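The analysis underlying the following values was restricted to heavy atoms, covering all of them including side chains, and did not include hydrogens, waters or symmetry mates. Nothing here was measured: the structure is a model prediction, and the numbers come from that model.
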Amino acid sequence: MFSFFKKKPQPEVPTPPTPVAAPAAQPEAAAAPAAPADFAAPPEAPDQAKRSWLSRLKSGLSKTSSNLSVLFVGAKIDDALYEELESALLSADAGVDATEFLLDALKKKVKAEKLLDAAQVKNALRELLIDLLKPLQKPLVLGQHLPLVMMIAGVNGAGKTTTIGKLAKHLQAHRQSVLLAAGDTFRAAAREQLTVWGERNNVAVIAQESGDPAAVAFDAVHSAQARGIDVVMIDTAGRLPTQLHLMDELKKIKRVIGKGMAGAPHEILLVIDGNTGQNALAQVKAFDDALGLTGLVVTKLDGTAKGGVLAAIAMSRPVPLYFIGVGEQIEDLQAFDAEEFVDALLG
């Protein structure tokens, strides 16, 4: 559960361009690269911390798990059970397509394996959900590019800036030097918030009092190349996918980053509020169509989140889900694990 990233050995180091103006706060010197390994994970957390994380995840998904688990208590395997299960999945924001797929597959599995007990049917549903969500479970690859340029998008209130701060801390645990770019120039508080996270993690932040967010991103990429920084994370202004002029601004930022470094951005992440239900799927589709998403981060699974929307995403737009968050603390952001999530979802 506590493996966050996949490490690629011996990245090819590009020739640094002419250095650009550095920000006021200088970052720490980059740490020596870790020995090549398939997974570069931070020290294993104690069992108590692991149990605490799983407990918070289950608590965050309790609304859905209570609705689903009660269906299988002393239930008969008949049409009434399937109808109730259909309603429960739709209420959990699984969406019509994923719900129909799961029910059809479950009926076939029950018939083929001659399942007669409700507990067996629940376990069959568990297996189908895990199979559906497993393709989303992929690690974020490190060491393939120097620097690795990450562009972070999302609507206002999704927890985008906070997620960047948490990721910076996790990356440092993997011996990665980090540079942040305050590309959300539309909201002054976002720049200040990112600066606070930078100070907390002892990470430099490229920022401007005003100006073009694409220019901020361009400066950050060149600065990282000149200093040999491992990872650049570029914050962007929160926006709704229906705000076409703002979506065009995101496309511009992506193009300008590519001019600053060929092939960049290497990762385009969308941060989603886990409480937004089917609207989360609409966001994934819109941002993916506009930018070509490489990964997702789902936050705020500690509230009234229903969780079924991940099934809808896996069914309609299976973009890798790198991380899920259940709270405000650094350790509350963890790598997505399909089996752990489904177990929390079914109770």
Side-chain angles (χ1 to χ4, degrees), residues 1-3 47 50-139 274-275 277-278 280-281 284 296 298 301-321 324 326 334-347:
M1 181 183 78
F2 289 90
S3 292
D47 289 341
K50 186 173 183 178
R51 287 195 299 270
S52 176
W53 153 256
L54 293 174
S55 176
R56 278 173 288 160
L57 177 61
K58 186 172 182 179
S59 176
L61 298 173
S62 60
K63 185 172 184 179
T64 296
S65 63
S66 62
N67 289 340
L68 286 172
S69 60
V70 71
L71 297 180
F72 298 97
V73 177
K76 293 181 180 180
I77 314 305
D78 55 16
D79 290 341
L81 174 62
Y82 291 125
E83 289 178 5
E84 291 179 0
L85 181 56
E86 180 181 27
S87 298
L89 288 171
L90 289 172
S91 297
D93 291 323
V96 174
D97 291 342
T99 297
E100 289 183 351
F101 170 79
L102 288 168
L103 284 175
D104 288 344
L106 182 61
K107 290 176 182 178
K108 291 177 182 177
K109 193 174 181 68
V110 168
K111 183 177 181 180
E113 298 180 11
K114 300 179 180 179
L115 305 180
L116 302 174
D117 183 77
Q120 292 177 319
V121 177
K122 182 180 180 181
N123 188 61
L125 176 61
R126 174 185 178 274
E127 293 175 357
L128 291 170
L129 274 168
I130 290 173
D131 288 344
L132 180 60
L133 297 182
K134 203 75 172 181
L136 302 184
Q137 184 182 317
K138 294 181 180 179
N275 295 292
Q278 280 292 295
L281 176 58
V284 172
L296 305 175
V298 176
L301 290 172
D302 54 337
T304 59
K306 297 178 181 179
V309 71
L310 296 193
I313 292 172
M315 192 74 190
S316 301
R317 196 66 64 100
V319 178
L321 174 55
I324 57 176
V326 298
Q334 297 290 346
F336 172 69
D337 184 289
E339 288 192 27
E340 291 174 354
F341 187 85
V342 170
D343 286 342
L345 192 67
L346 293 180

Got [X] and [Y] here, is their nearest side-chain heavy-atom distance under 4.5 Å?
X	Y	result
K109	E127	yes
F72	L346	no
L129	F341	no
L296	F336	no

Rounded at 0.5 Å granularity, tell me how far [atom1] in [X] sits from [atom2] in [Y].
X	Y	atom1	atom2	answer
E340	I130	CD	CD1	10.5 Å
E84	D78	CD	CG	8.5 Å
L133	L345	CG	CG	8.0 Å
Y82	D104	OH	CG	10.5 Å
L61	N67	CG	CG	12.0 Å
L85	K107	CG	NZ	9.5 Å

Determine yes or no for a side-chain-to-main-chain donor-acceptor pair under 3.5 angstrom, with [X] supplying the side chain and [Y] the backbone.
X	Y	value
T99	V96	no
Q278	D93	yes
N123	R126	no

Check [X] against [Y] and note the closest heavy-atom contact, atom names and distance.
X	Y	value
L71	A75	O-CB, 3.0 Å
A88	L68	CB-CD2, 3.6 Å
A311	A98	O-CB, 3.7 Å
L57	A344	CG-CB, 3.8 Å
L106	A124	CD1-CB, 3.8 Å
Q137	A338	OE1-N, 2.8 Å

Heavy atoms of other groups near K134 NZ, more than 12 under 6.0 Å: yes
task: Using the side-chain contact (heavy atoms from CB on, under 4.5 Å) rule, take L115 and I77 through it: C-alpha gap first, then chi angles, then the decisive distance, then the call.
output: CA-CA 9 Å; L115 305 180; I77 314 305; over 6 Å; no
